[in-house]
Protein chains: 2
Amino acid sequence: MIKKQLIMEKALELFAKQGFATTTVQQITDYCGISKGAFYLSFKSKDELILALIDHFMIQITSNIDYIVNNIDDDAELLYTFYYAMFESFHKHSDFAKLFIKEQSHTFNEEFIVKMQYYDKLSERMFLSLIERLYGETVNRIKYDLIYCIKGFMNTYSSLFLFYNVPLDLKVLAQSLVEKTNLLARQMTVPFISPELWQLMEQPLLGEVTKEQLRNFIDQKVDELEESVEKESLLLLKEQLIASTYPQAVVRGLLENVRNHPECKWISYLLRRYYQF
Amino acid sequence: MIKKQLIMEKALELFAKQGFATTTVQQITDYCGISKGAFYLSFKSKDELILALIDHFMIQITSNIDYIVNNIDDDAELLYTFYYAMFESFHKHSDFAKLFIKEQSHTFNEEFIVKMQYYDKLSERMFLSLIERLYGETVNRIKYDLIYCIKGFMNTYSSLFLFYNVPLDLKVLAQSLVEKTNLLARQMTVPFISPELWQLMEQPLLGEVTKEQLRNFIDQKVDELEESVEKESLLLLKEQLIASTYPQAVVRGLLENVRNHPECKWISYLLRRYYQF
DNA sequence: TTGACAAATGACTCGTTGGTCATTATTATA
DNA sequence: TATAATAATGACCAACGAGTCATTTGTCAA
């Protein structure tokens, strides 16, 4: 388990620097100070490694942002905090962000493409719910364009500080993007992306998670965990899924217990969405 | 010469579909109906091929846009026409656009990176001169942010129609982006990219072409060309570089002769910049 | 100390692919 | 037609790198 983490860390460094295809398994294992065979004890293949990396960090980032956004009551702060948290994440995990941007369009591995599309749609959804909450009905006609503008901002501004070594003033960046977004949201009148166009692009729909899937996820995680508050909380949350016995406050508390454990972020995110907290 | 073109066309198709790394030389030659050896009569390596493709199309697109923008007098139309021409180019050369987006970050080949940075800076320059012409002094503090917004728009909106098979209404798209750009240009007050930050990122400066370089370019092109008006015009333009004997009108005329020949677009673009037409 | 089990090693296999070159086909010239 | 020059071919080579597996090393309970 520790070995796996070591490989992921070291590999990420190399991938960010050289790209996935040009980094050999040998390089990774040399850099880790382990043998090539040891690599294949932790990962079935080189592809599985990058898939694991993507999941690991996207889960971390997505669920973190989602939590932050859902715990801000004041709409005036919302957008600012969102941008701030987003770029803070990219900055903190800059190696991952580089990898993610560089490898955005690996055409070969089917599973990889599906995964990327999944997270792309996921973030679009996040943007959309943010927009709807902030501007409500008034932006109905232009909301899909807003999503794309936000995506554009994220893209260009993040590659700016990722690939040039420039100092990064997160506060100004967030402020600046808040202003841009507000200007567009409040005054744009000519949308390009109509609801129909949007639907055309929604083809590979983002499925909802079922109760059974959630239970499986929890079972899996529980096996990997040591005895701890997190593990106990997860087990209780599983009980709750089967037969809801606890009041909402308890469920929220249990989720809070679990939220900060890096291994549980994804599950806690899914559960929060499931319970619509 | 014809063979080279055939290879470029067919290879572009395959690259757009499968990516550069996963397309083998064998696949390319099979698709062209020629032998593997024949490939290496036209290109020294597989890398040289992609470099040639990038140059070929970027020159085409860049010089075309530049020409259009420089031949519009009415500022009211300018931005619209710019966006329209830009996306029309991407649409027309969609295979190239796909390749370009997909391979934006090949870390391995040094020459490739330099080339991409060069064209990136080139387009930034184009955006900047457009912005300065349209909005003048008033946008001085926010002009670099405007560049990045435009880059962001180009990026997200083009991948939208490149990778999803959706119908494309160029007019609405251009209109929509014009509105967005105008809104931002006229009301943005919080820039993120300060002049100093901009300078930090300008490190690999875009060199000016010298008279000698231009003469070399022309000599090279002249050798490749059949007897034609274009060839004669180029020779005269070379004379003019050495000892300027003709009035401006003549030079302009000569450039006009050369402009539409696909092989001469780049030179005509460089000359126009040199003479500041 | 021993022996059973698990973890780790790295030499090796094997498929792939960019690039070469001796040979053959084609065209131009005398 | 003969000869030279040029174009084209595809079998072959060498390098590389993902993944395997027989063997060694380490661990721990009896």
Side-chain angles (χ1 to χ4, degrees), chain A residues 1-54 99 102-103 106-113 115 223-224 226, chain B residues 1-54 99 102-103 106-113 115 223-227:
Chain A
M1 218 27 41
I2 295 294
K3 186 67 63 62
K4 209 165 176 171
Q5 215 149 315
L6 173 74
I7 294 174
M8 283 172 77
E9 269 171 37
K10 296 296 186 184
L12 180 60
E13 258 185 76
L14 293 174
F15 288 163
K17 219 183 298 166
Q18 321 174 351
F20 175 71
T22 35
T23 304
T24 68
V25 174
Q26 192 69 62
Q27 280 177 310
I28 297 171
T29 53
D30 284 353
Y31 196 34
C32 290
I34 61 172
S35 70
K36 203 170 173 185
F39 175 92
Y40 287 95
L41 293 176
S42 295
F43 296 95
K44 271 207 283 298
S45 67
K46 195 183 161 195
D47 278 4
E48 201 190 76
L49 168 60
I50 198 176
L51 256 27
L53 277 171
I54 303 262
L99 171 69
K102 275 191 185 165
E103 310 296 336
H106 260 228
T107 332
F108 14 119
N109 187 329
E110 180 66 24
E111 204 180 335
F112 183 84
I113 298 171
K115 190 144 279 183
D223 285 345
E224 295 175 22
E226 330 273 317
Chain B
M1 218 32 35
I2 296 296
K3 184 69 61 63
K4 208 164 176 172
Q5 214 150 314
L6 172 73
I7 294 173
M8 283 172 77
E9 270 170 37
K10 296 297 186 185
L12 180 61
E13 258 184 78
L14 293 174
F15 288 162
K17 219 183 298 167
Q18 320 173 352
F20 175 71
T22 34
T23 304
T24 68
V25 175
Q26 193 68 64
Q27 279 178 309
I28 297 171
T29 54
D30 284 354
Y31 196 34
C32 289
I34 62 172
S35 71
K36 203 171 170 185
F39 175 91
Y40 287 93
L41 293 176
S42 295
F43 295 95
K44 273 207 282 296
S45 66
K46 193 184 164 195
D47 277 4
E48 203 189 75
L49 168 59
I50 198 176
L51 256 28
L53 277 171
I54 304 260
L99 172 68
K102 274 190 186 165
E103 309 296 335
H106 260 227
T107 333
F108 15 118
N109 188 326
E110 181 66 23
E111 206 180 334
F112 183 86
I113 298 171
K115 189 143 279 180
D223 285 346
E224 294 174 20
L225 250 48
E226 329 274 317
E227 288 313 321

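Residue numbers begin at 1 in each chain, while the letters A, B, ... track the order of the sequences.
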Enquirer: Write down the distance between CD (B:Gln18) and P (C:dT17), rounded to a whole number of angstrom.
Expert: 10 Å

Enquirer: Just the rounded figure in Å: distance from P of D:dA18 to CG of A:Leu49.
Expert: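 Distance, rounded to whole Å: 11 Å.
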
Enquirer: How long is the line joining CZ of A:Phe43 and P of D:dT20, in whole Å?
Expert: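 About 15 Å, once rounded to whole Å.
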
Enquirer: Grab the two heavy atoms, one from A:Met8 and one from A:Phe43, that are nearest each other, plus how far apart they are.
Expert: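 Taking every non-hydrogen atom into account, CG-CZ, 3.7 Å.
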
Enquirer: How close do A:Glu103 and A:Phe20 get, heavy atom to heavy atom, and via which atoms?
Expert: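 A:Glu103 and A:Phe20 have their closest heavy atoms at OE2-N, 3.0 Å.
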
Enquirer: Taking all atoms of both residues into account, what is the closest heavy-atom pair of B:Lys36 and B:Thr29, and its distance?
Expert: CA-CG2, 3.8 Å

Enquirer: Within this structure, what is the NZ-to-P distance between A:Lys46 and D:dG17, rounded to whole angstrom?
Expert: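 Nearest whole value for this atom pair: 9 Å.
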
Enquirer: Whole angstroms only, please: what is the NZ-P distance between A:Lys3 and C:dT9?
Expert: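 A:Lys3 atom NZ is separated from C:dT9 atom P by 6 Å.
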
Enquirer: Can you list, by residue number, the residues of residues 24-42 of chain A that have a non-hydrogen atom closer than 4.0 angstrom to DNA chain D?
Expert: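 Output list: A:Thr24, A:Val25, A:Lys36, A:Tyr40.
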
Enquirer: At their closest point, which heavy atom of A:Gln18 faces which heavy atom of A:Gln27, and how far apart are they?
Expert: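 Reported closest heavy-atom pair: OE1-OE1, 3.4 Å.
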
Enquirer: For a quick test of reading the model, state the closest non-hydrogen atom pair linking B:Leu49 to B:Ala11 and the distance between them.
Expert: CD2-CB, 3.7 Å

Enquirer: Taking the side chain as C-beta and beyond, is there a heavy-atom pair between B:Ile34 and B:Lys3 under 4.5 Å?
Expert: yes

